[in-house]
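What follows is one structure encoded as structure tokens, with my remarks underneath.
Each chain gets a letter, A, B and so on, in the order its sequence line appears, and its residues count up from 1.
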Amino acid sequence: MASKSSLKNMALCLSLVCLVCSALLAVTYAVTVEPIAAAAQAKTNATIAKVLPAFSGDPVLGTVEVEGTEYPYYKTDTGYAVMVTTSGFGGPLTVMVGVDNDGIIHNTAVLSHSETPGLGAKCGTDEKFIGQFRGFDPKAKKLVVKNDGGDVDAITASTITSRAYTLAVAVAVKASAVLNGSAAGSDAVTGASRPAEPAPAETVTDNGGQENE
Amino acid sequence: MEDRKMSNKFSLITDGLVKNNPTFVLVLGICPTLATTTSAINGMEMGLATMFVLILSNIFISLIAPMVPDKVRIPTYIVVIATFVTLLQLLMQAFVPDVYATLGLFIPLIVVNCIVLGRAEAFANKNSVGDSALDGIGVGLGFTLSLTVIGIVREILGSGSVFGWKFVAGDGILAFVMAPGAFIVLGYLLVLFNKFLAKK
């Protein structure tokens, strides 16, 4: 029933099938690209509202550099929501951390993860774990899991995930310290994007370093 | 292809559920079975996602099978299956992002799920489009049901809940949420299923 396996037939068949399949995918992509972006945006906005105290106006997107890596953040009038990606157990773990204007962590939320379902994946839902970051004062307590001598209780059987999550929160705290430091001088966003003025940028790093010792 | 009677059409679906049950009889697609059945709802969603791909790839492959030269059969099928999986992935991201977030990396793995390729090889390429669609529904339902049952058992033992409804405070027997529990539950369910089947 199948056609003969000559080179011509095989090449023709594979090319045709690939052509039809790519056309199908192209159409699907065109149809879904907007809903996907909208869904992602809606999720981001909902997450910002979750990790920060009630704010007015739209959050403004910017990037902040901490120890050589750039992190995106959203600025609102009640604080910063910093997005940090670290290595979890199953792959990258992206966490959004809301730090209010006093440098206290308001709340944290998982944006994306590839952790084991039922174990590390609980970092997004386990109230015992995420609850302890709420109102966490990084100046009074140590943002390191208890196994490593800090003040954060790890999720049962998911120390690597907990470590990654805690590291992300710690980086976000550093980022917000950098942001708050620069905000004292001038507006954070413009200050960071003006490489022509090295002086304020230097003070910024100094402040950040001292605050996080 | 001679016309099948109504009862035969129906048996195409029930075969997938019982006689050709992909998990408990054919023991195919064990990777997603073990990995995603940590809870009843996860197992069910994974089963439905696989069923979607299975039905579409069965239909498409039975359509093109007469034109495909034997030697490039497998690559052709894989391209078709991969296309439908990517399609599913895009659609899920767009319209049910929460489900996509829970199933995450297991959706792309449907491509290499041997149930899908197995049904293409064993059924779709020698049967009519309608029968292939029914076979896809039957085997897909069988897979969904098996995954849901395994998920229910593992969720009860491992988290003390069913479909997210918690009846025991705190954690269950954590091992059942992890890989060893998946093997144990699958093993016992296999025994039960086949004992029941042998009696019939």
Side-chain angles (χ1 to χ4, degrees), chain A residues 1-44 46 90-92 94 110-122 124-126 128 155-158, chain B residues 35-39 42-43 46 56 60-61 64-73 75-98 100-106 125-126 151 154-155 158-159 170-172 174-179 181-182:
Chain A
M1 192 160 80
S3 60
K4 212 169 137 264
S5 295
S6 66
L7 184 64
K8 194 185 120 218
N9 274 352
M10 292 194 285
L12 204 69
C13 164
L14 276 181
S15 320
L16 265 175
V17 167
C18 287
L19 200 72
V20 172
C21 286
S22 11
L24 209 64
L25 282 182
V27 172
T28 317
Y29 177 76
V31 172
T32 53
V33 66
E34 269 179 38
I36 290 177
Q41 190 58 50
K43 207 180 157 202
T44 309
T94 307
V110 179
L111 291 181
S112 70
H113 72 81
S114 318
E115 303 308 296
T116 321
L119 286 171
K122 278 200 285 193
T125 50
D126 190 345
K128 248 164 63 194
I155 306 168
T156 317
S158 311
Chain B
T36 60
T37 53
T38 50
S39 71
N42 281 2
M46 186 64 199
L56 286 180
F60 200 78
I61 285 167
I64 60 166
M67 277 104 69
V68 178
D70 251 4
K71 277 187 185 162
V72 290
R73 192 170 86 238
T76 312
Y77 297 169
I78 284 291
V79 169
V80 171
I81 295 166
T83 305
F84 285 122
V85 170
T86 316
L87 207 132
L88 171 77
Q89 207 181 346
L90 288 170
L91 289 174
M92 282 178 78
Q93 263 178 302
F95 302 111
V96 279
D98 291 338
Y100 184 76
T102 41
L103 292 183
L105 76 166
F106 292 106
N125 69 354
K126 23 180 134 52
R154 287 182 66 189
E155 199 183 336
S159 320
D171 286 332
L174 208 59
F176 281 100
V177 186
M178 298 199 266

Subject >> Structural part of B/Phe95 lying under 4.5 Å from a heavy atom of chain A >> reply: side chain
Subject >> A/Lys43 side chain to B/Asp98 backbone, donor-acceptor under 3.5 Å >> reply: no
**OP:** Identify the two heavy atoms, one from A/Leu24 and one from A/Thr28, that lie closest to each other, and give their separation to 0.1 Å.
**Re:** O-OG1, 2.7 Å
Subject >> Atom of B/Val79, atom of A/Cys21 and distance for their closest heavy-atom approach >> reply: CG1-SG, 3.8 Å
Original post:
Is B/Arg154 reaching over with its side chain to a backbone N or O of B/Met178, donor-acceptor style, under 3.5 angstrom?
Top reply: yes
Original post:
At a heavy-atom separation under 4.5 Å, does B/Leu90 approach chain A through its side chain, its backbone, both, or neither?
Top reply: both
**OP:** Give, as side chain, backbone, both or neither, the part of A/Val33 having an atom under 4.5 angstrom from any heavy atom of chain B.
**Re:** neither
Subject >> Best-contacting candidate, B/Thr76, B/Val80, B/Leu91, against chain A by heavy atom pairs under 4.5 angstrom >> reply: B/Thr76
